[in-house]
*Asks:* 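Take a look at this one; I'll ask things after.
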Amino acid sequence: MSELMEKEQQIQTVPETGAQDAAPAGEGKKKLSRKTRRRIIRWVVILAVLIALAVILAKTLGGKGEGESEIITDMVQYGAITSTVEGSGLPKAKKSETITLTTAGTVQEVLVTEGQQVTAGTPLFVVDSEAARTAVEKAREDVEGREKQLSVLQKDLAGLNLTAPHGGKIMLGEDAPRLQPGEEVTKGTVVAELNDDTKMRLEQYYSYAYAGDLHAGQKVEVSIPALMSTVTGTVEAVHMVSRITPEGSKLFAAEIVLENEGVLAKDMAASAVVNVDGEMVYPYEPGKLEYYRTTTLKTTVNGTVLANHLVNYLQVSAGQLLMQIDGEDSESEIFTVQQSLEEARKALETAQKNLDNCNAVAPIDGTVMSLAIQNGQEVEANTAVITIADTSVILVEATVDERNISYVKPGMPVEIDQWGNKFTGIVESVSLNSKAENGVASYPFVIAVDNPDGSMMTGSYISYSMVASENDNCLVVPIQCVKSVPLEDGSAADVVYVKADDRPENAIEVTTPVDGVPEKGFWPVPVEIGLSDQYNVEIKSGLEEGMEVFTTAQTTAMW
């Protein structure tokens with residue numbers, strides 16, 4: 001490099017020597033040789049190239065220098081803003097029914113074709129299915145069996161409170177258990193006998209010679225030898241039996257009922273004399289008094305005795321509580337049977353529906369969208385054989401983001417495009433159950449489109465557009481002006497940084513600075529935002545027209 005500098009000095013001195021016009025004679029300058037001049041020129045060129053390379057390398061390897069931030073601001077001004085919801089969806093018929101055969105069969109006749117318009121009740125096809133008929137019979141038997149089982153259990157459960165079925169006297173047999181509260185008792189245990197002695201019954205036999213002379217309701221006189229008295233009785237029933245006596249007489253039977261005032265007892269001898277046209281008709285032989293009716297009292301459930309009111313010879317009235325039993329196990333059993341019965345009924349309903357589908361009719365008005373059977377075909381179980389759809393109304397499922405959900409209401413118009421064909425729909429329903437994705441919550445809503453001529457096709461995508469909300473005279477700022485900042489209490493607030501020399505009255509303190517916002521000259525002011533589109537946002541409160549606000553900061557490279 002020193003040699004290079006030396007050459008440069010030589011080059012710089014050449015013009016100066018050439019300027020010595022008044023040099024003394026004999027001191028002329030020494031001329032450079034051609035070879036030397038070429039060497040000097042070559043070194044000058046090399047030096048220039050090196051300098052150029054150094055500049056290029058500095059630009060390439062040195063990168064951008066420390067830049068300066070350029071603050072971009074905007075003005076708060078009045079303007080118009082429109083929030084539009086756009087998207088695409090797959091239209092489907094509002095009503096659609098598919099008939100599926102769950103049992104195998106043979107197609108005997110198909111009565112419709114694909115694409116045909118049908119009305120509810122139109123015959124569709126006939127399928128012969130022995131399996132479907134058998135399934136219905138089996139399901140019906142199952143239901144009937146469960147119903148009987150439940151009826152018995154419910155009747156038994158009534159025995160948790162064992163009551164007197166009629167008035168009478170309690171009789172505890174020698175073998176009847178004397179149950180105490182807390183003791184276990186099993187279903188079917190005989191605990192007592194209830195004898196209705198409020199009335200007594202007497203069976204008498206009379207000669208056929210008086211057949212027709214005795215009838216129900218007729219009064220008779222009953223002689224009670226033990227009491228040496230006569231009691232009035234009533235013929236309750238006449239039975240034209242044929243009893244033959246050893247003497248060869250033919251007899252019929254009559255049942256006599258006597259009111260008991262407390263003096264008549266079982267097995268007392270008695271004879272009932274009937275007055276027939278002034279003639280006293282006597283029975284073939286005396287009879288014995290019996291209780292009017294007798295009931296054996298049995299427990300109907302397994303359980304624990306809670307209370308026992310059974311006392312020997314106790315006179316009770318109909319409905320009187322005799323014993324209480326805790327039947328928790330029986331209640332659980334009833335619940336289980338009820339569940340089984342419900343399942344059996346559903347199985348019968350399904351089996352019956354499938355049998356009905358073997359001679360199916362259209363369930364709704366509509367178009368035959370698909371038909372998967374033909375005459376003579378063997379249909380396997382669980383085959384979807386036909387689908388009918390009512391395409392007079394089309395539904396489209398769409399979504400709206402959380403910013404605009406409050407503005408979307410049922411009845412709002414929606415513009416729809418399907419491959420260039422224009423339609424107008426309305427919002428039919430809006431759901432409040434959101435779905436979050438990528439930090440944004442969206443809400444589903446349904447669009448309904450009248451399609452009387454069938455021009456909108458199901459299963460082919462459409463695009464939709466609707467004005468969710470609009471305001472033609474409101475304060476607006478660019479959407480990036482609004483910043484969400486944390487507050488001291490842990491909450492967050494929407495703010496706009498206002499440019500001002502002095503702190504605005506409504507400015508707030510924030511715990512974390514926003515990147516790019518200068519530390520001085522801009523103040524965070526809380527705002528209430530409204531509508532927004534892709535570029536601007538409505539400011540409902542917090543700012544005034546003409547305010548200068550921070551938008552963003554751009555960094556410029558320096559050298």
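Just so you know, these numbers use all the heavy atoms, side chains as well, and skip hydrogens, waters and symmetry mates. No experiment lies behind these values; they were computed from the predicted model shown.
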*Asks:* Can you classify the ring geometry of Tyr464 versus Phe445 as parallel (below 30°), tilted (30 to 60°) or perpendicular (above 60°)?
*Replies:* perpendicular

*Asks:* First locate atom CD of Glu114, then atom CG of Leu371, and finally report the distance between them rounded to the nearest 0.5 Å.
*Replies:*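 Here the rounded value is 6.5 Å.
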
*Asks:* Which pairs of donor and acceptor atoms, one on a side chain in residues 159-184, lie under 3.5 Å apart (sequence neighbours left out)?
*Replies:*
{"residue": "His166", "atom": "NE2", "partner": "Thr295", "partner atom": "OG1", "Å": "2.8"}
{"residue": "Lys169", "atom": "NZ", "partner": "Asp197", "partner atom": "OD2", "Å": "3.3"}
{"residue": "Arg178", "atom": "NH1", "partner": "Gly173", "partner atom": "O", "Å": "3.0"}
{"residue": "Arg178", "atom": "NH1", "partner": "Ala176", "partner atom": "O", "Å": "2.7"}
{"residue": "Glu183", "atom": "OE1", "partner": "Gln180", "partner atom": "N", "Å": "2.6"}
{"residue": "Glu184", "atom": "OE1", "partner": "Thr304", "partner atom": "OG1", "Å": "3.4"}
{"residue": "Glu184", "atom": "OE2", "partner": "Thr304", "partner atom": "OG1", "Å": "2.6"}

*Asks:* Between Glu193 and Lys266, does any side-chain N to carboxylate O distance fall below 4.0 Å?
*Replies:* no

*Asks:* Holding to side-chain contact (heavy atoms from CB on, under 4.5 Å), I want the full list of residues that pass it with Pro486, two or more places apart in sequence or in another chain.
*Replies:*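 If we apply the side-chain contact (heavy atoms from CB on, under 4.5 Å) test to Pro486, skipping adjacent residues, the hits are Thr511, Thr512.
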
*Asks:* Within the structure provided, determine whether Tyr292 and Thr198 are in side-chain contact (heavy-atom separation under 4.5 Å).
*Replies:*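 When only atoms from C-beta onward are counted, Thr198 and Tyr292 do not touch, as no gap falls below 4.5 Å.
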
*Asks:* Evaluate the side chain to side chain donor-acceptor pair (under 3.5 Å) criterion for residues Asn354 and Thr103: first the C-alpha distance (whole Å), next the side-chain angles of each, then the deciding distance (0.1 Å), finally the verdict.
*Replies:* CA-CA 8 Å; Asn354 192 62; Thr103 54; 2.8 Å; yes

*Asks:* Among side-chain atoms of Glu279 and Tyr210, is any donor-acceptor pair under 3.5 angstrom?
*Replies:* yes

*Asks:* Could you tell me which non-hydrogen atom of Ala211 sits nearest to which non-hydrogen atom of Met240, and how far apart they are?
*Replies:* CB-CE, 3.6 Å

*Asks:* Output the distance between atom CD1 (Ile325) and atom CG (Asn302), rounded to the nearest 0.5 Å.
*Replies:*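 These two atoms lie 9.0 Å from each other.
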
*Asks:* Taking Asp142 first and then Lys138, would you say they form a salt bridge - that is, a charged N and a carboxylate O separated by under 4.0 Å?
*Replies:*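 Salt bridge absent between Asp142 and Lys138.
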
*Asks:* Using salt bridge (Lys or Arg N to Asp or Glu O under 4.0 Å), reason through Arg133 and Glu130 one step at a time and then give a plain yes or no.
*Replies:* CA-CA 5 Å; Arg133 289 190 292 271; Glu130 179 64 27; 2.6 Å; yes

*Asks:* Taking atom types as modelled, find out whether Glu86 and Thr84 have a side-chain donor-acceptor pair closer than 3.5 angstrom.
*Replies:* no

*Asks:* So, are Asp450 and Lys94 salt-bridged, with charged N and O less than 4.0 Å apart?
*Replies:* no

*Asks:* What's the spacing between Leu306 CG and Met323 CE if we round to 0.5 Å?
*Replies:* 10.5 Å

*Asks:* Does the side chain of Thr387 come under 3.5 Å of the side chain of Thr98 through a donor N or O and an acceptor N or O?
*Replies:*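 Yes, because at least one side-chain N or O of Thr387 sits under 3.5 Å from a partner of the opposite role on Thr98.
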
*Asks:* Where is the tightest heavy-atom contact between Glu236 and Ala216, given as atom of each residue plus distance?
*Replies:*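 Looks like O-CB, 3.6 Å.
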
*Asks:* Among Asn308, Val305, Leu310, Leu322, which one satisfies side-chain contact (heavy atoms from CB on, under 4.5 Å) with Val191?
*Replies:* Leu310

*Asks:* Kindly give the heavy-atom pair with the smallest separation between Gln418 and Ser460, and that separation in Å.
*Replies:* NE2-O, 2.8 Å

*Asks:* Under the side-chain contact (heavy atoms from CB on, under 4.5 Å) test against Leu101, which residue among Ile386, Val107, Val385 passes?
*Replies:* Val385

*Asks:* Stepwise, does the salt bridge (Lys or Arg N to Asp or Glu O under 4.0 Å) test hold for Glu397 with Lys92?
*Replies:* CA-CA 9 Å; Glu397 295 181 353; Lys92 62 180 182 180; 3.2 Å; yes

*Asks:* Pairs of donor and acceptor atoms involving the side chains of residues 226-235, under 3.5 Å and at least two apart or interchain, shall be tabulated with distances.
*Replies:*
{"residue": "Thr232", "atom": "OG1", "partner": "Glu221", "partner atom": "OE2", "Å": "3.4"}
{"residue": "Thr234", "atom": "OG1", "partner": "Lys219", "partner atom": "NZ", "Å": "3.0"}

*Asks:* To the nearest 0.5 Å, tell me how far Ser431 OG sits from Ile405 CD1.
*Replies:* 8.0 Å

*Asks:* Heavy-atom distance under 4.5 Å between the side chains of Leu194 and Asp196, does that happen here?
*Replies:* no

